[in-house]
2 protein chains.
Amino acid sequence: MNTAYDPRAFEPFAVTVDLAVFTVRAGALHVLLIRRGQEPYAGAWALPGGFILPRESAETAARRELAEETGLSPALVAALHLEQLRTYSEPGRDPRMRVVSVAFTALVPDMPEPAAEGGGDADRARWVPVDGAAGLAFDHAVILSDARSRVGSKLEYTCLATAFCPPEFTLGELQAVYETVWDTALDRPNFRRKVLATPGFVEAVPGAARLTGGRGKPAALYRPGPATVLHPPLLRPTEGHPR
Amino acid sequence: MNTAYDPRAFEPFAVTVDLAVFTVRAGALHVLLIRRGQEPYAGAWALPGGFILPRESAETAARRELAEETGLSPALVAALHLEQLRTYSEPGRDPRMRVVSVAFTALVPDMPEPAAEGGGDADRARWVPVDGAAGLAFDHAVILSDARSRVGSKLEYTCLATAFCPPEFTLGELQAVYETVWDTALDRPNFRRKVLATPGFVEAVPGAARLTGGRGKPAALYRPGPATVLHPPLLRPTEGHPR
DNA sequence: CCCTTTATAGTCACAATGACTATAAACACG
DNA sequence: CGTGTTTATAGTCATTGTGACTATAAAGGG
């Protein structure tokens with residue numbers, strides 16, 4: 001950045017964004033993919049994304065592409081918590097030309113198939129279980145894998161899990177998010193004790209509100225609290241590490 | 001990334017890297033800065049960095065620029081632990097043209113002034129206390145601030161603190177790193193108990209080796225252990241959060 | 001009307017932590 | 001050549017957090 005300004009001093013690169021948008025659905029972590037229409041990788045699944053326009057920041061471009069390529073509602077896309085994952089810049093990651101891509105991660109509550117809402121290229125967008133996503137275009141398998149492990153860590157020390165839930169949720173639903181992303185079973189009483197003991201993580205919906213989808217005792221409803229980080233963190237069960 | 005290949009479909013951007021390289025020196029966190037030689041911001045301090053070349057990845061470019069612009073030894077630059085911080089892409093962040101910059105963070109042990117080693121533009125490089133760094137070029141103040149807080153968090157849940165230390169170090173030196181970066185005092189016995197109880201964080205140098213710079217009882221020497229993450233984390237004293 | 005299912009309350013032993021006290025081994029300096 | 005300062009290291013102790021469980025409550029399904 002301190003090289004003299006000389007048009008020949010730098011190579012013009014294409015700069016794109018890619019998005020790994022996750023949701024928890026039917027007990028499995030899903031990611032939003034689109035089926036590519038043209039070469040290269042025509043017919044293959046890929047992460048949504050596209051070129052950054054001249055007057056856009058990467059984050060603005062990410063929201064625009066997400067709205068254009070998927071059926072997610074504009075209100076949701078505008079309110080979405082987007083987080084930069086990392087930038088992928090290996091030469092050769094796109095066979096056509098030199099492309100540097102800024103990858104983002106987002107979490108959304110479960111919702112209908114994007115195709116149902118129509119519009120744009122939404123008919124080519126699908127929620128796909130992350131474990132079943134194979135043969136992705138470009139280096140998107142690597143991006144997806146990086147995004148997945150980042151989400152797992154984020155659940156430990158941030159309040160991000162509530163982003164997977166609807167505006168009001170039960171502690172059982174919140175626990176299911178953790179169990180799905182971490183792929184472990186958690187003790188229910190201990191989980192609730194930990195969550196309720198963390199100031200600002202969730203707050204009870206006052207109107208003694210309760211609601212249930214099916215069997216069992218109705219659960220109290222909670223909504224996201226003001227906190228953004230978890231103090232202390234909610235560590236996932238020791239993966240081989242003696243605790 | 002799934003737009004048809006059409007040269008007019010994307011804007012060519014310049015892509016650069018910027019580096020926030022930290023060290024702990026004389027009880028203060030320092031960052032490596034270079035003084036700019038030409039406009040814009042001629043004479044101002046800036047983070048080292050520069051354009052990515054056609055066949056380079058961002059990380060390769062970061063190492064090359066670091067070696068070219070500073071007096072850090074090639075061996076050190078090659079072995080350095082570089083970590084992507086985030087990518088800065090706001091339009092207008094460079095007055096000359098559209099520049100997207102991939103920022104990296106690195107930590108090095110204390111060492112002589114880069115100028116002493118000569119070569120390249122090293123005479124314009126300096127270690128500057130981060131709290132005294134003002135008037136940085138471009139948006140480098142923002143990058144530096146982001147990097148600083150990232151380093152603070154990283155110390156909590158990774159073994160990165162040892163990267164600030166020489167190959168063999170005392171627990172007192174390691175504690176000084178934490179105290180400097182977090183700007184807090186830590187209880188010495190509790191710190192050593194925690195560090196030694198974390199498997200793989202540090203390992204004692206076997207030869208009953210000890211060494212001291214000045215007064216006091218000589219301290220045992222340790223080197224970095226095989227672990228890369230801290231289980232459980234070494235949380236910084238509650239900043240207003242009730243623990 | 002029981003039985004299954006889910007939510008929630010509570011218990012208990014143990015591990016981790018924060019705040020201290022105590023001892024050891026060096027050097028400085030009078 | 002002690003004495004005191006400085007840094008390292010070994011403990012203690014009360015409190016808190018955690019994992020593993022047990023118990024009770026409130027629904028719906030046969």
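Below, read A as the first sequence line, B as the second, and so on, with proteins coming before strands; counting in each chain starts at 1.
- Ranking C:dT17, C:dA7, D:dA27 by closeness to the A:Thr170 side chain, first place goes to C:dA7.
- Phosphate proximity of C:dT8 to A:Arg192: present, with a side-chain N or O under 4.0 Å from OP1 or OP2.
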After noting the C-alpha distance and the side-chain angles of B:Arg150 and B:Leu85, does the key distance pass the side-chain contact (heavy atoms from CB on, under 4.5 Å) rule?
CA-CA 8 Å; B:Arg150 174 83 135 251; B:Leu85 176 63; 3.8 Å; yes
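- The CG-P distance, from B:Asn190 to D:dA10, rounds to 14 Å in whole Å.
- Rounding to whole angstrom units, CZ of residue B:Arg215 and C1' of D:dT3 are separated by 15 Å.
- Counting heavy-atom neighbours within 6.0 Å of B:Asp183 CG, excluding the residue itself, gives a total of 12 or less.
- One interatomic measurement links the two molecules: CZ of B:Arg188 to C1' of C:dT23, which rounds to 15 Å at whole-angstrom precision.
- With rounding to whole Å, A:Phe191 atom CZ is found 19 Å from D:dC21 atom C1'.
- Comparing C:dA25, D:dA25, D:dT6 against the side chain of B:Lys217 picks out C:dA25 as the nearest.
- Atom NZ of B:Lys194 is separated from atom P of C:dG18 by 8 Å (rounded to the nearest Å).
- Residues B:Asp187 and B:Gly172 both approach DNA chain D. Their nearest nucleotides, taken by heavy-atom distance, put B:Gly172 toward the 5′ side.
- The base of D:dG19 sits within donor-acceptor range of the side chain of A:Arg193, with an N or O pair under 3.5 Å.
- Closest to the side chain of B:Pro189, from the set C:dG10, D:dG11, D:dT6, is D:dG11.
- Between A:Leu186 atom CG and D:dC21 atom C1' the separation is 16 Å, expressed in whole Å.
- Rounded to a whole Å, the CD atom of B:Glu173 is 12 Å from the C1' atom of D:dT7.
- Of the inter-residue distances, the one linking B:Arg86 atom CZ with B:Ser101 atom OG reads 11.0 Å to the nearest 0.5 angstrom.
- Taking the charged nitrogens against the carboxylate oxygens, A:Lys154 and A:Glu83 do have a contact shorter than 4.0 Å, which makes a salt bridge.
- For the residue pair B:Tyr88 / B:Asp146, a side-chain donor-acceptor distance below 3.5 Å is found, with atom types taken as modelled.
- With rounding to whole Å, A:Leu196 atom CG is found 14 Å from C:dG10 atom C1'.
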